[in-house]
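Scroll down for the structure; my scribbles are underneath it.
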There are 2 protein chains.
Amino acid sequence: MGYSIGQVAKKTGLTAHTLRYYEKEGLLPFVKKSSSGLRVFSDSDIEWLVLIECLKGTGMSLKNIKQYIDWCIEGDSTLTQRLEMFKNQKVKLEEQMKQLQKHMEKINYKIAYYTEIIANGSEGVFERNPKLAAERKRVYGK
Amino acid sequence: MGYSIGQVAKKTGLTAHTLRYYEKEGLLPFVKKSSSGLRVFSDSDIEWLVLIECLKGTGMSLKNIKQYIDWCIEGDSTLTQRLEMFKNQKVKLEEQMKQLQKHMEKINYKIAYYTEIIANGSEGVFERNPKLAAERKRVYGK
DNA sequence: TCTTGACTTAGAGTTAACTCTAAAAATTAT
DNA sequence: ATAATTTTTAGAGTTAACTCTAAGTCAAGA
């Protein structure tokens, strides 16, 4: 039921260096050490790492993730802070997703634009496709 | 039809420092200078900035954004590279969006979890709610 | 004209998050 | 038992993307 740092690195896709760094930063306060000083990760340590990846992946800094972990250690008196943190993160995440959707539209547009030009040459493309004409006008001026 | 660096900073939400930095890095090769050396941004410069924000917002590094800009300057011989770049970016973006959806589920779960505990106390919560019980088991062991 | 605020440059400094090094100790494989 | 691999530590180094400073120039309002 215990994993070495190398095994955890493989499992999570993080490097052993990064895992030690996270521990040094206080993000993995529950990792045990063997009698000879080797780190022994449990399944719940790996669950912590999964949550850390989730928060990191939604743009939270390691510093703020540590804040959450400190709240967890502090106990039940911080339950409302923790709930608030997740609610805030949800709002941010919703904004991110909306933003990515907009970016997707722009990128789809660029793909259509370049596909057209490559297929038909830049001459005449805009005249045959009013949507592209409007975009060209918007980006490059009349 | 020309904007000062301060006006562009306001329009885009970037700082003037950042705009100068972008220019230094080759990301704004079309910005003109007035006779006395002041930057004069055009509408199309602002469009470039919008595209830069799009690419940056989907995880592209400034270095790779510069590559794209260099291709644009190079002319029609790079059209296929540019199309490929946007197609790659679209794939990455789709992966990102899927990942964010997963993160959203985890965060929603945490919100439900903390809401329950705060409302009803931690005693009995798990027994009354088998989904939470399963999660607790998964995270903290039996 | 005077003053105030915006702009210029080169270059230094900062921050977050790693990433690596070296030398020693522990573990695993043969 | 020996060799190869993995892990340990403290601490140094790296990278990307800003962010700021200083000393001077330019522009707009009273």
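Proteins get letters first, then strands, A, B, ... in listed order; numbering begins at 1 in each.
Remark: Arg20(A) is in phosphate contact with dT8(D), judged by side-chain N or O atoms under 4.0 Å from OP1 or OP2. Between Ser36(A) and dT27(C) there is a side-chain polar atom (N or O) within less than 4.0 angstrom of OP1 or OP2. Dashed line: the shortest gap from a side-chain N or O of Lys66(B) to OP1 or OP2 of dA17(D) is not under 4.0 Å. The side chain of Lys56(B) contributes an N or O atom lying less than 4.0 Å from OP1 or OP2 of dC18(D). For Tyr22(A), no side-chain nitrogen or oxygen approaches OP1 or OP2 of dA17(C) to under 4.0 Å. In this model, the phosphate group of dT7(D) is approached by a side-chain N or O of Ser4(A) to a distance below 4.0 Å at OP1 or OP2. At least one side-chain nitrogen or oxygen of Arg39(B) sits closer than 4.0 Å to the OP1 or OP2 atom of dT9(C). In this model, the phosphate group of dT9(D) is approached by a side-chain N or O of Lys33(A) to a distance below 4.0 Å at OP1 or OP2.
Checking Ser34(B) against Met60(B), the closest nucleotide of DNA chain D that is more toward the 5' end is the one next to Met60(B). Nearer to the 5' terminus of DNA chain C, by closest-nucleotide assignment, is the contact made by Gln7(B) (compared with the other of Lys24(B) and Gln7(B)).
Here dC18(D) is the nucleotide among dA17(C), dC18(D), dT19(D) with the atom lying nearest to any side-chain atom of Leu62(B). Considering only the side chain of Leu38(B), dC7(C) comes nearest among dC20(D), dC7(C), dT8(D). Comparing atom distances between the Thr18(B) side chain and each of dT19(D), dC26(D), dT7(D) picks out dT19(D) as nearest.
Here Glu95(B) does not pair with Lys92(B) in a salt bridge; the nearest charged N to carboxylate O distance is not below 4.0 Å.
One interatomic measurement links the two molecules: CD1 of Ile65(A) to P of dA17(C), which rounds to 8 Å at whole-angstrom precision. Remark: P of dC18(D) and CD of Glu23(B) are 15 Å apart, rounded to the nearest angstrom. A straight line from NE2 of His17(A) to C1' of dG13(D) spans 12 Å, rounded to a whole angstrom. Rounding to whole angstrom units, CG of residue Leu49(B) and P of dC18(D) are separated by 12 Å. The CG atom of Leu27(B) sits 11 Å away from the C1' atom of dA17(D) (whole-angstrom rounding). Distance, Leu19(B) CG to dC7(C) C1': 13 Å, rounded to whole Å. Distance CG (Asn64(B)) to P (dT15(D)): 16 Å, rounded to an integer number of Å. One can place OH of Tyr21(B) at 17 Å from P of dT14(C), the figure rounded to the nearest angstrom.
None of Gln81(B), Glu74(B), Arg82(B) except one satisfies the side-chain hydrogen bond (donor to acceptor under 3.5 Å, both in side chains) rule with Thr78(B); the exception is Arg82(B).
A distance-only check finds no donor-acceptor pair linking the side chain of Asn108(A) to the backbone of Glu105(A) [under 3.5 Å]. Checking side-chain atoms of Thr15(A) against main-chain N and O of Thr18(A) turns up a donor-acceptor pair under 3.5 Å.
In this structure, Lys106(A) fails the cation-pi test against Tyr109(A), since its NZ or CZ atom is not both closer than 6.0 Å to the six-membered ring centre and inside 45 degrees of the ring normal.
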Checklist entry - When you look at Glu23(A) and Arg39(A), which way does the salt bridge (charged side-chain N to carboxylate O under 4.0 Å, His left out) test go after all the steps? => result CA-CA 10 Å; Glu23(A) 192 188 275; Arg39(A) 285 173 186 80; 3.0 Å; yes
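Among the atoms of the strands shown, none is found under 4.0 Å from any heavy atom of Thr15(B).
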